[in-house]
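Bear in mind the structure is a predicted one, so any value in this text is a computation, not a measurement.
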Amino acid sequence: MKPESPQHLRSRYNDIIDEVFLTQAKLDASRFEWSRNEYRDRIKELQIQARKLDQQINNLTEFGAELLNDARVLK
């Protein structure tokens, strides 16, 4: 897969979402406020990364659809 292909980006997105769930479980199990804060910060950071990747995926998908439409018009 190419590094910027939708499949690659979707794979990275899924990895981030998996880490969010794992971090959430650690947050739920944590008894110490300092570690809970660290987990919350990590979850926020992962959510930001996931939103950026989701936007990149959407942009590539829209671009691909536009190219496909252009190719159909040229036929």
Side-chain angles (χ1 to χ4, degrees):
M1 276 187 281
K2 293 188 290 184
E4 291 302 314
S5 71
Q7 295 85 359
H8 182 263
L9 293 175
R10 180 61 63 193
S11 176
R12 281 181 36 209
Y13 175 85
N14 290 337
D15 290 344
I16 288 172
I17 296 303
D18 288 343
E19 188 176 343
V20 167
F21 284 113
L22 291 172
T23 305
Q24 184 65 48
K26 290 177 184 177
L27 171 65
D28 295 343
S30 176
R31 296 184 203 157
F32 302 106
E33 192 59 34
W34 59 268
S35 61
R36 292 179 64 81
N37 289 337
E38 287 177 351
Y39 291 136
R40 283 186 189 108
D41 290 345
R42 181 65 181 148
I43 289 169
K44 287 177 188 175
E45 179 185 319
L46 290 167
Q47 289 171 332
I48 290 169
Q49 289 178 22
R51 281 193 292 274
K52 286 179 182 179
L53 282 172
D54 192 47
Q55 186 60 52
Q56 283 181 290
I57 292 165
N58 290 338
N59 291 345
L60 284 172
T61 302
E62 288 175 15
F63 181 67
E66 289 173 12
L67 289 177
L68 185 59
N69 286 335
D70 290 346
R72 287 181 181 157
V73 168
L74 292 174
K75 267 187 165 180

With side chain to side chain donor-acceptor pair (under 3.5 Å) as the test, pick out the partner of Glu19 among Gln24, Arg42, Gln49. Arg42
Give every donor-acceptor pair under 3.5 Å between a side-chain atom in residues 60-69 and any protein atom, sequence neighbours left out.
from	atom 1	to	atom 2	distance (Å)
Thr61	OG1	Ile57	O	2.8
Asn69	ND2	Ala65	O	3.4

Point-to-point distance, once rounded to the nearest 0.5 Å, from [atom1] of [X] to [atom2] of [Y]:
| X | Y | atom1 | atom2 | result |
| --- | --- | --- | --- | --- |
| Ile43 | Lys26 | CD1 | NZ | 10.5 Å |
| Ile16 | Ile48 | CD1 | CD1 | 11.0 Å |
| Leu53 | Gln55 | CG | CD | 11.0 Å |

Minimum heavy-atom separation for Thr23 and Leu46, please, with both atom names. OG1-CD1, 4.1 Å
Given side chains that start at C-beta, do those of Leu9 and Arg12 come closer than 4.5 Å, heavy atoms only? yes
Distance-only criterion, 3.5 Å: show the donor-acceptor pairs between side-chain atoms of residues 31-38 and protein atoms not counting sequence neighbours.
from	atom 1	to	atom 2	distance (Å)
Glu33	OE2	Arg40	NH1	3.4
Ser35	OG	Ser30	OG	2.5
Ser35	OG	Phe32	O	3.0
Arg36	NH1	Leu27	O	2.7
Arg36	NH1	Ser30	O	3.4
Asn37	OD1	Arg40	NH1	3.2
Asn37	ND2	Glu33	O	3.4

